[in-house]
Amino acid sequence: MRTRWAARGACAAVCAVLLSGCQSAPGGEKDGRLGERRTAASPTAARASGYGAEFLGVDECSSFGRTSFTEASCAGERAAARVIARHDGTARDGPRCPATTDFVLHISEQHPSSDEDGDGVVPRGYACMRHLQPPHPGDPGGGGGPRTIVGDCVYDLGDGRVRETACDGGAEREPEFKVTKAVDDRSECPASTALYVRLGGASPVGCARPV
């Protein structure tokens with residue numbers, strides 16, 4: 001789930017709060033979940049090699065697990081999610097993951113006995129992951145994923161904060177608002193807007209209406 005700042009529309013005072021969500025990061029994981037969620041993880045020291053020139057490169061797959069995982073053949077039973085984008089460094093300082101990313105794997109720098117190019121080093125980086133099978137929490141209305149996007153629903157936490165939840169009402173918390181549009185400035189939101197949600201990116205303001 002991600003936490004975002006929110007501001008009431010109409011006559012209410014606008015308040016903006018940057019938070020660190022379970023996925024926070026700018027380009028990052030929940031940039032303060034400002035757009036992304038942080039899921040700390042590192043590869044096991046001993047892993048199967050030979051799937052690609054880079055550990056968890058684009059279109060390669062990981063096994064099940066967020067804190068302990070290995071690279072796996074995408075055709076194998078152990079494969080759980082596919083890499084849809086891969087960057088070196090930290091998610092906080094690097095490019096944002098694609099909008100429909102389901103979760104982010106943070107890869108700590110390692111010096112395993114076996115690695116992708118034989119130099120004994122797996123550099124620090126992060127992989128933007130998409131489950132091979134549904135459900136996809138990163139999809140619009142899915143109730144999760146590292147970014148809040150158009151089509152997502154949120155509920156009010158108070159103090160100018162909101163958190164994402166599934167639009168279908170299947171999660172523990174019922175949705176209260178739905179993000180219907182992403183704009184450059186709050187003045188561009190439609191008259192029905194009751195809440196402003198910080199999305200980050202090129203159009204950083206989310207216009208949300210009651211549901």
Side-chain angles (χ1 to χ4, degrees), residues 1-41 66 90-92 95-106 126 128-131 134-211:
M1 289 301 181
R2 36 201 129 167
T3 304
R4 288 279 181 292
W5 61 251
R8 294 282 182 181
C11 302
V14 174
C15 71
V17 179
L18 298 181
L19 314 160
S20 294
C22 34
Q23 344 154 216
S24 277
E29 269 42 292
K30 264 185 172 192
D31 26 46
R33 229 227 30 133
L34 258 183
E36 308 223 0
R37 161 163 47 192
R38 181 176 298 281
T39 307
R66 302 288 183 87
T90 65
R92 180 171 297 279
R96 291 161 59 90
C97 281
T100 56
T101 298
D102 286 332
F103 66 96
V104 178
L105 288 180
H106 295 264
Y126 59 100
C128 308
M129 309 298 296
R130 175 91 172 163
H131 293 306
H136 294 289
D139 282 352
R147 294 180 54 182
T148 297
I149 59 178
V150 173
D152 280 341
C153 292
V154 299
Y155 61 91
D156 193 351
L157 287 173
D159 299 324
R161 298 177 300 149
V162 296
R163 180 166 293 167
E164 191 177 328
T165 190
C167 287
D168 64 6
E172 183 177 345
R173 293 293 300 266
E174 291 288 326
E176 296 177 354
F177 303 92
K178 183 173 185 177
V179 180
T180 59
K181 190 175 183 180
V183 297
D184 295 335
D185 187 84
R186 292 172 187 154
S187 63
E188 299 175 45
C189 285
S192 59
T193 299
L195 192 76
Y196 302 104
V197 180
R198 186 165 186 176
L199 305 180
S203 298
V205 178
C207 314
R209 60 169 177 77
V211 295

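Because the structure is a prediction, the values reported are computed rather than measured.
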Distance-minimising heavy-atom pair for [X] and [Y]:
{"X": "G138", "Y": "I149", "result": "O-CD1, 3.6 Å"}
{"X": "P175", "Y": "G169", "result": "CD-CA, 4.1 Å"}
{"X": "T165", "Y": "A171", "result": "OG1-CB, 3.3 Å"}
{"X": "D152", "Y": "G141", "result": "OD1-N, 2.8 Å"}
{"X": "G151", "Y": "K178", "result": "O-CE, 3.6 Å"}
{"X": "V162", "Y": "D156", "result": "CG1-CA, 4.2 Å"}

Residues passing the side-chain contact (heavy atoms from CB on, under 4.5 Å) test with E188, sequence neighbours excluded, are V183, D184, D185
With sequence neighbours excluded, tell me which residues meet side-chain contact (heavy atoms from CB on, under 4.5 Å) with P210. F177, A194
Would you check, one step at a time, whether the test side-chain contact (heavy atoms from CB on, under 4.5 Å) holds for V150 with T180? CA-CA 6 Å; V150 173; T180 59; 5.7 Å; no
Pairwise distance NE2(H131) to OG1(T101) - rounded to 0.5 angstrom: 11.0 Å
Distance, nearest 0.5 Å, that separates CG of L105 from OH of Y126: 13.0 Å
Taking D168 for the side chain and G170 for the main chain, is one N or O donor matched with an acceptor at less than 3.5 Å? yes
Is there side-chain contact between [X] and [Y], with at least one heavy-atom pair below 4.5 Å?
{"X": "R186", "Y": "C207", "value": "no"}
{"X": "P204", "Y": "L199", "value": "no"}
{"X": "K181", "Y": "C189", "value": "no"}

Considering the options E174, R173, E164, which one meets the side chain to side chain contact (heavy atoms under 4.5 Å, CB included) requirement together with Y155? R173
Please list, chain by chain and in numerical order, all residues satisfying salt bridge (charged side-chain N to carboxylate O under 4.0 Å, His left out) with R130, sequence neighbours excluded. D102, D139
Holding to ring pair (Phe, Tyr, Trp, His ring centres under 6.0 Å), I want the full list of residues that pass it with H136, two or more places apart in sequence or in another chain. none
Checking side-chain contact (heavy atoms from CB on, under 4.5 Å) for the pair L195/V154: CA distance, chi angles, key distance, verdict? CA-CA 10 Å; L195 192 76; V154 299; 4.0 Å; yes
